[in-house]
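Working notes for the structure below.
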There are 4 protein chains.
Amino acid sequence: MRPSPPPVPHHKRTGRPRSADADRAILEATREALVELGFGGLTLGDVAARAGVAKTTLYRRWPGKNELVVDAVAALFEERLELPDLGSLRADIQGVVLRFAELLNMPETRTALMAVVAEATSDEPLRRRIRDAIVDRQKHLVLLGRMRAQERGELPPDDGTEDPGRDDMIFDVVAGSVVHRVMVSSEPVDEEWADRLALLLVAGIGGLHAA
Amino acid sequence: MRPSPPPVPHHKRTGRPRSADADRAILEATREALVELGFGGLTLGDVAARAGVAKTTLYRRWPGKNELVVDAVAALFEERLELPDLGSLRADIQGVVLRFAELLNMPETRTALMAVVAEATSDEPLRRRIRDAIVDRQKHLVLLGRMRAQERGELPPDDGTEDPGRDDMIFDVVAGSVVHRVMVSSEPVDEEWADRLALLLVAGIGGLHAA
Amino acid sequence: MRPSPPPVPHHKRTGRPRSADADRAILEATREALVELGFGGLTLGDVAARAGVAKTTLYRRWPGKNELVVDAVAALFEERLELPDLGSLRADIQGVVLRFAELLNMPETRTALMAVVAEATSDEPLRRRIRDAIVDRQKHLVLLGRMRAQERGELPPDDGTEDPGRDDMIFDVVAGSVVHRVMVSSEPVDEEWADRLALLLVAGIGGLHAA
Amino acid sequence: MRPSPPPVPHHKRTGRPRSADADRAILEATREALVELGFGGLTLGDVAARAGVAKTTLYRRWPGKNELVVDAVAALFEERLELPDLGSLRADIQGVVLRFAELLNMPETRTALMAVVAEATSDEPLRRRIRDAIVDRQKHLVLLGRMRAQERGELPPDDGTEDPGRDDMIFDVVAGSVVHRVMVSSEPVDEEWADRLALLLVAGIGGLHAA
DNA sequence: TGTTAACCGAGACGGTACGTCCTGTCTTAGG
DNA sequence: CCTAAGACAGGACGTACCGTCTCGGTTAACA
């Protein structure tokens with residue numbers, strides 16, 4: 001899976017092309033600054049300086065701080081988040097929950113994720129960007145997990161009558177619970193907690209099918 | 001339950017006392033500004049102007065924007081969030097989920113809540129303030145719901161062996177799921193969705209007890 | 001004659017009053033920067049830094065670079081330009097021409113004067129400011145010189161029939177000639193040149209009276 | 001007399017030759033931009049765009065804004081400024097003063113002239129360029145006027161003892177007075193004022209000869 | 001009943017970041 | 001070698017808020 005491409009300019013192919021090095025340097029500098037200063041302390045001028053790039057170059061590519069941070073953080077999700085095959089639905093869920101929590105505890109993402117989501121509450125384009133760059137890429141993990149469980153016989157196969165929003169709800173529950181635990185309750189997501197959440201979900205999903 | 005009082009000054013009781021009108025006017029102005037400008041656009045200078053108050057007065061009472069917003073929003077949770085008794089655990093959960101979603105969709109809270117949580121990721125005192133003013137007041141709803149369910153016989157009575165973090169997890173799951181649905185997925189929380197979540201939880205909780 | 005007062009704000013007498021020290025420091029810093037960097041190189045940010053003052057303080061008092069420079073330079077004209085009484089009209093003119101040329105050769109004024117006049121060509125308020133702060137204060141020197149010459153008997157006394165714009169023209173000729181000599185022709189204004197100009201003027205004025 | 005040619009490149013004569021159209025378009029665009037925006041608002045990027053030319057092309061031909069403006073304005077002086085033969089020294093002077101004032105009131109020159117002179121105070125090459133392209137071409141008018149006056153018998157013929165800087169001073173006085181009147185005093189140069197200046201000068205020159 | 005200390009409004013203060021603009025150079029592709 | 005197009009590093013711009021401060025003036029409890 002390749003990293004999200006930089007926002008494609010719809011120009012003619014004339015003039016000096018944009019430097020790909022600059023893109024890389026900027027995103028790297030952004031993550032570095034997030035670690036050191038947090039989202040609030042992050043300054044576009046500072047990022048530009050770290051990247052050895054002029055502020056204008058930065059503004060030419062991204063509309064502002066929010067979009068830049070989304071792109072900078074998206075790459076981390078890309079490479080870090082996957083669904084391990086651990087032999088059972090419960091173990092799979094536990095595994096992905098632990099990895100997700102680990103990701104949320106990285107200093108780059110800790111402050112950045114909530115902040116951009118907050119900004120996005122009144123910024124539809126930003127909301128779409130977050131979905132495209134981060135959320136939707138996680139969502140397929142739910143689908144994958146379901147398919148594996150169905151192959152194992154842990155869940156009944158689809159028969160065409162199931163709720164189409166079913167996987168979306170599972171995703172909201174998993175992601176939301178972990179985020180709330182980490183960000184709001186400030187409690188650790190350890191193996192035990194992850195297992196109990198997995199247990200609750202497995203039982204709950206069973207209940208949904210039974211209904 | 002009265003709204004959280006402004007931080008008490010520990011002075012001698014001499015001199016002119018602080019104006020209580022000012023407090024009210026400031027919190028009201030803050031909510032008004034949140035609706036019009038969102039969290040990011042909210043300015044302490046602007047709030048002061050709306051409240052007909054000097055910036056100094058404002059800074060004398062609150063350390064900064066974050067704390068002010070927490071207090072301004074807390075009152076809303078106080079008055080709006082309660083657990084209706086609808087006759088069954090599933091219906092109770094559905095009911096509180098719908099009320100919570102409604103609260104999250106108010107313009108005052110929509111942007112403010114996520115924003116202060118984001119700020120709180122690197123600000124322990126703010127995190128505590130949020131817990132004291134908002135989160136903990138919701139948490140007792142979980143306890144209340146459990147007790148009702150136990151009275152009804154929907155859940156087994158406590159026998160002293162249960163996980164002490166059990167209710168915390170339920171709270172993280174409920175609150176987190178709704179927040180994620182509303183804020184990140186940008187999908188509506190309607191009666192159907194709330195009911196399905198309630199169903200999943202009831203079954204899941206059952207699974208926890210069975211384990 | 002006191003130095004030109006800072007632009008008077010028409011506020012109420014409320015709030016913290018503006019610092020008089022800041023005014024002094026800013027004007028001094030402006031002159032210093034003019035010497036070191038010239039008008040083109042002068043930056044309001046740099047002036048603020050030199051004066052130990054915030055940029056905002058500077059913008060609160062002056063609309064921009066042009067007005068600031070006018071005020072900074074005006075003080076020099078105030079203190080340096082006077083009409084010596086040397087016993088004859090011709091010597092008086094020679095004297096004032098030499099002083100004026102000297103002033104134009106100071107590094108503060110050399111670059112600043114022409115620049116603000118240039119800017120003023122499309123900025124009526126600036127033009128007025130220049131007249132008020134600099135030009136009009138010089139103009140009375142012409143009147144003073146005429147009166148002395150009339151007392152000495154070098155010129156006939158006014159009889160009420162003379163051209164009201166007469167002194168204005170003399171002023172334009174004296175000031176314009178010196179400026180052009182120094183700025184455009186880049187030739188020195190030495191005693192001889194000044195004396196020849198004085199001679200031309202005395203004769204010319206005589207011609208005007210004769211007409 | 002043709003307009004001053006652009007600085008000749010001393011390259012080999014290989015490769016694609018420079019477009020002469022471009023030169024014309026650039027100078028025209030410069031004058032147009034001067035009228036619309038004034039000197040301060042004039043941008044090389046904007047001039048390039050108006051001329052339908054790349055910025056590179058512009059920088060290849062002129063070192064910067066100042067030089068470009070000098071060349072763009074010089075052509076106007078070339079074609080507009082001449083010494084009419086009106087039968088007497090006084091009338092000749094009046095005539096040239098009126099034409100010069102007219103030139104100074106054109107929007108292209110109004111702001112441009114003072115600005116480049118101001119820039120030239122700390123830029124010797126620019127000063128030379130101004131002299132070559134503008135000032136020296138005017139100076140011969142003084143010589144021409146003197147010769148005509150001598151032919152008419154209004155002035156004594158040269159006898160080899162006269163001051164060599166004599167004509168320079170006349171030039172400084174005429175040009176400086178008009179510029180000061182127009183630019184600084186912001187008063188009109190009408191027929192009456194021009195005549196009075198001519199009268200003063202004729203008498204003054206007489207005084208110089210008598211000395 | 002006057003003192004007095006803390007309050008209040010207003011607004012200036014030193015700072016910091018903003019997002020835009022222009023400069024003069026460069027790097028493309030094409031003539 | 002020139003051209004158009006446009007990206008590049010750099011730097012100043014003028015604005016907006018921040019959180020602090022300094023004023024003159026007000027208000028209520030205490031003496």
Side-chain angles (χ1 to χ4, degrees), chain A residues 9 11-19 21-22 41-46 48-49 51-61 63-65, chain B residues 9 11-19 21-22 41-46 48-49 51-65, chain C residues 9 11-19 21-22 40-46 48-49 51-61 63-65, chain D residues 9 11-19 21-22 40-46 48-49 51-65:
Chain A
H11 288 290
K12 313 271 164 209
R13 279 296 157 183
T14 172
R16 176 173 172 175
R18 291 191 179 166
S19 156
D21 288 354
L42 184 149
T43 286
L44 291 206
D46 179 68
V53 141
K55 257 198 308 176
T56 31
T57 299
L58 212 150
Y59 278 106
R60 208 175 289 123
R61 289 163 154 87
K65 175 165 153 171
Chain B
H11 292 289
K12 313 191 164 292
R13 281 303 173 167
T14 100
R16 174 175 175 177
R18 289 189 180 165
S19 156
D21 288 353
L42 184 149
T43 287
L44 290 206
D46 179 68
V53 142
K55 262 198 307 174
T56 332
T57 302
L58 210 150
Y59 277 106
R60 211 175 285 123
R61 290 160 151 93
W62 287 274
K65 173 165 154 172
Chain C
H11 288 288
K12 313 270 162 210
R13 277 297 156 181
T14 175
R16 177 173 172 176
R18 292 191 178 167
S19 156
D21 287 353
L42 184 148
T43 287
L44 290 207
D46 180 69
V53 142
K55 256 198 309 175
T56 32
T57 299
L58 212 150
Y59 279 106
R60 207 176 287 122
R61 291 163 152 89
K65 175 165 154 172
Chain D
H11 291 289
K12 310 191 166 292
R13 280 303 171 165
T14 98
R16 175 170 170 178
R18 290 188 178 168
S19 154
D21 288 354
L42 183 149
T43 287
L44 290 205
D46 180 69
V53 143
K55 265 201 303 175
T56 331
T57 303
L58 211 151
Y59 277 107
R60 209 173 287 123
R61 290 160 150 94
W62 285 274
K65 174 164 152 171

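Values reported hereafter were calculated over all heavy atoms of this structure, with side chains retained and with hydrogens, waters and symmetry mates removed. Just so we're on the same page: letters track the sequence lines, and every chain starts at 1. Every value quoted in this text rests on a predicted model; they were computed, and no experiment measured them.
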Inset, instruction - Give the minimum heavy-atom separation between B:Leu42 and B:Lys65, together with the two atoms involved. - result: O-NZ, 3.0 Å
Inset, instruction - Please check the phosphate of F:dC8 (OP1 and OP2 only) for any side-chain N or O of A:Arg61 closer than 4.0 Å. - result: yes
Output one line per pair: protein atom, nucleotide atom from nucleotides 3-5 of chain E, and distance, for all N/O pairs under 3.5 Å.
none

Legend entry - Under the side-chain contact (heavy atoms from CB on, under 4.5 Å) test, residues paired with A:Ala54 that sit two or more places apart: A:Thr56, A:Thr57
Inset, instruction - Using heavy atoms to find the nearest nucleotide of DNA chain E for C:Ser19 and B:Val53 separately, return the residue whose nucleotide is more 5′. - result: B:Val53
Between the protein and nucleotides 16-19 of chain E, which nitrogen or oxygen pairs are less than 3.5 angstrom apart?
residue	atom	partner	partner atom	Å
E:dC18	OP1	A:Leu44	N	3.2
E:dC18	OP2	A:Leu44	N	3.3
E:dC18	OP2	A:Gly45	N	3.3
E:dG19	OP2	A:Tyr59	OH	2.5
E:dG19	O5'	A:Tyr59	OH	3.4
E:dG19	N7	A:Lys55	NZ	2.9
E:dG19	O6	A:Lys55	NZ	2.9

Inset, instruction - Can you see which heavy atom on C:Arg61 is nearest to which on C:Arg18, and at what distance? - result: NH2-CB, 3.4 Å
Inset, instruction - Kindly say whether C:Ala22 contributes a backbone atom to a donor-acceptor pair with the side chain of C:Ser19 at under 3.5 angstrom? - result: yes
Inset, instruction - Under the side-chain contact (heavy atoms from CB on, under 4.5 Å) rule, collect the residues that match up with D:Ala48, sequence neighbours excluded. - result: D:Lys55, D:Leu58
Legend entry - Whole-Å distance separating the CG atom of C:Leu58 from the P atom of F:dC13: 10 Å
Inset, instruction - Would you tell me if any nitrogen or oxygen in the side chain of C:Arg60 comes within less than 4.0 Å of OP1 or OP2 on E:dC13? - result: yes
